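Worksheet for the structure shown next.
Note that the structure is predicted; figures quoted are calculated from it, not measured.
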Amino acid sequence: MKKIFILLSIIVIALFTFVQQACAAQVYKFTDANFDTSNSIIVLSAQDTETGNVLQEIKPVKMQNPSRVYFDIPSSIITFPKQDWVVKTGPIKEVKINQFSTNPDTVRVVLYYENGFNPDSIKILRLKNNIIIKLKNDEMCDNEYFHNTFRDEHSSSSDFYEYMTITMPVEPSGDNIVGQIQEAFNEQAEQFFEKKELKLNTKYYLNNITPKQNSVLINGFGSVTIERPMILANPTRIIYDLPNTLVDMKIRNKEYRISETETVKVGQFSVNKARIVITTDAVKEYIPIYSSDNQSLILANYQKINNSTLYNTSSNAIAYNKEKIDSLTESMILKFDSPIVHGLDRYNDKIIFYLYNVSKYNDENFKAAYKGTLFEDAYIDLMPKIGLKLTIPIEQDAIVSTYLGADGRSLKIKIKESKKKAENPVQSIILNPVVPTEHGNATKKVVIDAGHGGKDVGAIGGGIHEKDITLDVAKRVEKLLRKKGYSVMMTRDDDIYVSLQDRVSISENYQPDIFVSIHVNSSVRPEITGVETHYYHQESISLAQTVHSSLASAVQSPNRGLFKSKFYVINHTTSPAILVEIGFISNSSERSQLVGEKRKQATAKAIADGVQDYFKQYK
């Protein structure tokens, strides 16, 4: 009997343990919380699990004195400290996120709001395993609301990030008995607060990248936009920039292999822009392919990808609308009876849409709808066993933007004509990722500014002076640019002191197309290494992006990104101007590289190549 009892006890314990583990496996683990005032959303990020739809049990509860609404998320835990955000702007005054209970596991979110705010406008959505709390009732889920999917512009007024100051209570140190008593009596105790600056990114959160045969799958949540791609050489690579995008730290700057000869890397190029670089000889065959919800994206070799894997439902075109925005801008709007999966290929003189899962359309209605518009010459071809191909001829300097309806059933193509049409249009090339015809380099003027000099030695590390490194690298850049045919002015070509104002005066008198200042960084933390590029004026962003991309790709040092900084020389020059920090003299290992022939030449070549790429793309 005793043996049977022991055996039964073991079985019960084993079953109890199994049940506990099974239950634990069903728990949502929220790893991060972000408050985005730009889009008025709160994002609770959870780990990717197979857990069912937690939203079925979320029920907001409204309360008064003070005005607030709360909701509980069952079977969930937070792996970050409890949050208490006191917001200074907008109708939401305070947000609290905490672990309400642990048996059962429940996360509670409480929103305090101003009088007059309608709490019924708060919407709770689930995107994959992320909880999105929308704080205002807009057209986010309206069928006519469009997400911008592609644009020719590399900078736009819609690109923004903002800093929000929130006030966070400081947890008291030592004995917590007082806090427990105050909480028991539900009294607001006197607390110490500290201000915290939150950097808010908007629109898209990129959290996964999966290389596949002849393609790369990009996953995230929000709304993804792609800028017109760029092609660079040595090595041959195609670059896609995603504005208003935040990249998860776990996938930043990691190189993934697509095939034996192709690789892909994703990074946080600037504070609110992601950059995806695909190194391949087939750059002209890569196009973006959008999912119907615009949250997933495939960058694929369109000639080799298996089209049948892109969709599982078919669709038909059912309506053709147009919109005249102003004298230069018109839109084509196509509507479908089911969500679509589409790819996009941008040429010099046309744009092609591959409607992969669309099988039917009415050619007569299509032509009648766009007669007399910018889309009059557009036509549709049938791609057997694939779908439809929509081709829209456009003028050389037209600006294209595309949009996908929030329900995936509408596609809008907006074209803005140039004020002055191109007089000598050139023959198009496939994809045409912003690679215009060659300019005569001799007409382009560049100022190269070697930082510091003479009595101003700059940063010092290990007995090495910054001024000596910057002059050496600047001279190498000058030599390389002159070989490419550019006119180059040096602010100093010897170890002499030149004031900041004199550097600006030299540049202004020369009236260059661009200004590039070269410096070496330093930090009180000797472990820090990396390259970074600074700009100040808006018109300098493209130059900063292009040169920094070349530098970060060529030099084996961490990519620290772009910074908007008010350095004197890049603030007071009127031409596009950047300041490049080529490494840290305060780090002994990087310092030994910076004084070496290999690193100096690689740095100079990267800067010169970046300048060349900039003029090809933008001038």
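Looking at Ser315, its side chain never comes within 3.5 Å of a backbone N or O of Asn357 through a donor-acceptor pair. No donor-acceptor pair closer than 3.5 Å links the side chain of Thr546 to the backbone N or O of Leu543. Between the His537 side chain and the Asn571 main chain, a donor and an acceptor come within less than 3.5 Å of each other. Side chain of Ser101 to backbone of Pro104: a donor-acceptor contact under 3.5 angstrom is found. A donor-acceptor contact shorter than 3.5 Å links the side chain of Glu330 to the backbone of Leu374. Of the possible polar contacts, one joining the Gln268 side chain to the Val247 backbone as a donor-acceptor pair under 3.5 Å is found.
For Lys324, the NZ atom sits in a packed shell: over 12 heavy atoms of surrounding residues, nucleotides or ligands are nearer than 6.0 Å. Residue Lys371 qualifies as open at atom NZ: its count of foreign heavy atoms under 6.0 Å is 12 or below. More than 12 non-hydrogen atoms from other residues, nucleotides or ligands lie less than 6.0 angstrom from CD of Glu376.
Looking at Ser67 and Asn115, their side chains do bring a donor and an acceptor atom within 3.5 Å of each other. No side-chain donor from either of Tyr70 and Asp72 sits under 3.5 Å from a side-chain acceptor of the other. Counting only N and O atoms by type, the side chains of Thr329 and Asp326 include a donor and acceptor under 3.5 Å apart. Counting only N and O atoms by type, the side chains of Asn244 and Thr225 include no donor and acceptor under 3.5 Å apart. Side-chain contact of Ser359 with Asn316: a donor-acceptor pair under 3.5 Å is present, judged by distance alone. For the residue pair Ser338 / Thr313, no side-chain donor-acceptor distance below 3.5 Å is found, with atom types taken as modelled.
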Requested in this report: Under the side chain to side chain contact (heavy atoms under 4.5 Å, CB included) rule, what do Leu404 and Ser410 come out as? Steps first, then yes or no, please.
Outcome: CA-CA 6 Å; Leu404 184 66; Ser410 301; over 6 Å; no
Report task. Report the C-alpha distance between Asp363 and Lys367 in whole Å, list the side-chain angles of each, state the deciding distance to 0.1 Å, and finish with yes or no for side chain to side chain contact (heavy atoms under 4.5 Å, CB included). Result -> CA-CA 6 Å; Asp363 190 63; Lys367 290 180 179 178; 3.1 Å; yes
Query - side chain to side chain contact (heavy atoms under 4.5 Å, CB included) between Phe375 and Ile413, worked out - result: CA-CA 10 Å; Phe375 305 94; Ile413 303 103; 4.3 Å; yes
Report task. List the steps, then state whether side chain to side chain contact (heavy atoms under 4.5 Å, CB included) holds for Val224 with Leu206. Result -> CA-CA 9 Å; Val224 62; Leu206 197 167; over 6 Å; no
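Taken to the nearest 0.5 Å, the CG atom of Leu388 stands 11.5 Å off from the NZ atom of Lys360. Here Ser327 contributes atom OG and Lys416 contributes atom NZ; the two are 9.0 Å apart, rounded to the nearest 0.5 Å. Between the OH atom in Tyr302 and the CD1 atom in Ile352 there is a gap of 7.0 Å [rounded to 0.5 Å]. Here Ile394 contributes atom CD1 and Thr391 contributes atom OG1; the two are 11.5 Å apart, rounded to the nearest 0.5 Å. Rounding to the nearest 0.5 Å gives a distance of 6.5 Å between OG of Ser401 and CG of Asp152. Taking CG of Leu297 as the start and OG1 of Thr149 as the end, the distance is 10.0 Å to the nearest 0.5 Å.
Counting heavy atoms from C-beta outward, Lys82 and Gln99 have side chains that stay 4.5 Å or more apart. Annotation: side chain of Val264 is in contact with side chain of Ile209 (closest heavy-atom distance under 4.5 Å). Side-chain contact check for Asn559 versus His548: some heavy-atom pair is nearer than 4.5 Å. Side-chain contact check for Tyr204 versus Ile218: some heavy-atom pair is nearer than 4.5 Å. Between Val110 and Val95, every side-chain heavy-atom pair lies at or beyond the 4.5 Å cut-off. Arg275 has its side chain out of reach of Val266: every pair of non-hydrogen atoms, C-beta onward, lies at least 4.5 Å apart. Annotation: side chain of Ile289 is in contact with side chain of Val341 (closest heavy-atom distance under 4.5 Å). Residues Phe336 and Leu411 meet the side-chain proximity criterion, which asks for heavy atoms closer than 4.5 Å.
Minimum interatomic distance between Met63 and Tyr113 (heavy atoms only, all atoms of both residues): O-OH, 4.2 Å. In terms of heavy-atom proximity, Thr373 sits nearest to Tyr370 at OG1-O, 2.7 Å. Nearest heavy-atom pair across Ala300 and Ile305 is CB-CD1, 3.5 Å. Between Val69 and Pro60 the shortest heavy-atom distance is CG2-CB, 4.0 Å. The shortest non-hydrogen separation linking Phe150 to Arg228 is CE1-CA, 3.8 Å. Nearest approach of Ser331 to Ile325, heavy atoms of both residues: OG-CD1, 3.6 Å.
For the pair Lys273 and Phe269, the cation-pi criterion (under 6.0 Å, within 45° of the ring axis) is not fulfilled. Remark: Lys564 is positioned above the aromatic ring of Tyr536, its terminal NZ or CZ atom under 6.0 angstrom from the ring centre and at most 45 degrees off the axis. For the pair Lys412 and Tyr403, the cation-pi test (distance below 6.0 Å, angle within 45°) is passed.
Relative ring orientation between Tyr354 and Tyr356 is described as parallel, the plane-to-plane angle staying below 30° on a 0-90° scale split at 30° and 60°. Note: Phe366 and Tyr361 have perpendicular aromatic rings, judged against thresholds of 30 and 60 degrees for the angle between ring planes. Note: His342 and Tyr290 have parallel aromatic rings, judged against thresholds of 30 and 60 degrees for the angle between ring planes.
Salt-bridge annotation for Arg252 and Asp248: absent, with no side-chain N of the basic residue lying under 4.0 Å from a carboxylate O of the acidic one. Under 4.0 Å is where a charged nitrogen must lie from a carboxylate oxygen, and between Arg151 and Glu227 at least one such pair does.
The side-chain hydrogen bond (donor to acceptor under 3.5 Å, both in side chains) with Ser296 is formed by just one residue from the set Thr210, Asn208, Asn219; it is Asn219.
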